[in-house]
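The block underneath contains the structure these notes are about, expressed in structure tokens.
Not measured: the values here are computed from a predicted model.
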Amino acid sequence: MLEEVERWLNARSWSAADRPVQHLLSAKHATRQSVSVVLPALDEEATVGDIVAVIRRELVLGVPLVDEIVVVDSGSSDRTAEVAAAAGARVVHRDAILPRIPAVPGKGEVLWRSLLVTGGDIVCFVDADLREFSADFVSGIVGPLLTDPDVHLVKAMYDRPLGAAPGQGGRVTELMARPLLNMHWPQLAGFVQPLGGEYAARRSLLERLPFPVGYGVELGMLVDALHLVGLDALAQVDVGVRVHRHQDGRALGRMAAAIYRTAQLRLARGHLVRPTLTQFERGADGFEPHTYTVDTEERPPMTEITEYATRRVA
């Protein structure tokens with residue numbers, strides 16, 4: 001590990017307990033910063049309501065740290081929208097945001113569009129499939145942004161169990177993202193959960209970043225933020241344990257392909273020869289190939305979108 005990264009680990013890695021919520025509230029009032037929490041959601045009726053309820057109870061009604069909770073529904077076929085609204089979130093459908101640009105499937109697409117329907121100086125993203133959710137996931141990663149003006153992006157770090165096996169989750173992180181970062185962007189080797197879906201950033205940074213539309217958004221954002229603001233402007237906070245729904249191996253393969261593609265573009269801004277991935281499933285007549293398109297699109301920095309500039313002037 002680079003000496004620079006070792007110093008960063010000591011200076012920019014914290015625990016959620018290091019900043020009590022009342023201290024954060026004082027910092028929020030002193031700096032007059034507003035906080036938006038965004039949950040991208042697709043068929044998450046089983047978990048999204050509990051997450052919204054905890055944030056609202058503890059960080060809106062209890063200690064008024066969060067100014068708005070927005071769930072962006074990307075086309076759920078279940079009751080995700082109804083459950084989220086009943087729990088106290090403002091629910092916006094992905095397709096209703098910036099309708100002149102047709103939406104494409106993908107988590108990054110939802111996060112990018114969320115900038116247009118939120119107003120916080122600090123935007124905190126939280127995945128909607130978490131179980132045993134704690135408000136520390138929000139207050140922990142928002143804390144450094146409220147208290148340290150030199151910090152621009154904060155990732156959550158946590159243990160990720162796989163079933164009953166502690167620390168065995170995050171398979172794409174270990175098999176794809178961590179090797180890529182260590183070999184090509186060694187300054188980012190200190191991030192415990194580089195692909196984690198819980199992170200917060202200043203709007204002033206997010207609006208200058210391109211957003212890969214799919215699974216590559218977390219790696220792309222981390223690499224691009226490093227180049228824009230430097231390593232010392234990035235940080236991570238330990239929030240305990242993350243329990244969520246795990247995907248099967250084939251879904252993880254598609255995720256890994258999208259992440260590799262995101263890294264490839266940032267390494268060379270080159271041309272993909274064949275941006276597809278073929279996987280195999282056993283059928284009645286043997287192994288059957290299934291070919292999937294790898295995400296090949298990115299959204300531009302939000303500052304280049306006319307509607308966003310117009311909204312800010314207004």
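- For Arg57, the side chain to side chain contact (heavy atoms under 4.5 Å, CB included) criterion is met by Val54, not counting sequence neighbours.
- Screening residues 4-34 for ring pair (Phe, Tyr, Trp, His ring centres under 6.0 Å), with sequence neighbours left out, gives Trp8-Phe191.
- Counting only residues at least two apart or in different chains, side-chain hydrogen bond (donor to acceptor under 3.5 Å, both in side chains) contacts with residues 86-105 comprise Glu68-Arg90, Arg100-Glu307.
- Here Ile101 pairs with Leu98, Trp112, Arg113, Arg299, Ile305 under the side chain to side chain contact (heavy atoms under 4.5 Å, CB included) rule; sequence neighbours left out.
- Here Glu82 pairs with Arg79 under the side chain to side chain contact (heavy atoms under 4.5 Å, CB included) rule; sequence neighbours left out.
- Taking Arg178 as the reference, Glu174 meet the side chain to side chain donor-acceptor pair (under 3.5 Å) condition, with sequence neighbours excluded.
- In this structure Asp136 satisfies the side chain to side chain donor-acceptor pair (under 3.5 Å) test with no other residue, sequence neighbours excluded.
- Shown here are the side chain to side chain donor-acceptor pair (under 3.5 Å) partners of Ser15, two or more places apart in sequence or in another chain: there are none.
- Qualifying side chain to side chain donor-acceptor pair (under 3.5 Å) partners for Glu45, counting only residues two or more places apart in sequence or in other chains: none.
- Contacts classified as salt bridge (Lys or Arg N to Asp or Glu O under 4.0 Å) and involving residues 141-157 (residues at least two apart or in different chains) are given here: Arg12-Asp148.
- Evaluation of the side chain to side chain contact (heavy atoms under 4.5 Å, CB included) rule for Arg32 yields no partner, not counting sequence neighbours.
- Met157 belongs to a hydrophobic cluster with Val192, counting contacts under 4.5 Å between side-chain heavy atoms of Ile, Leu, Val, Met, Phe, Trp and Tyr, direct or through other members.
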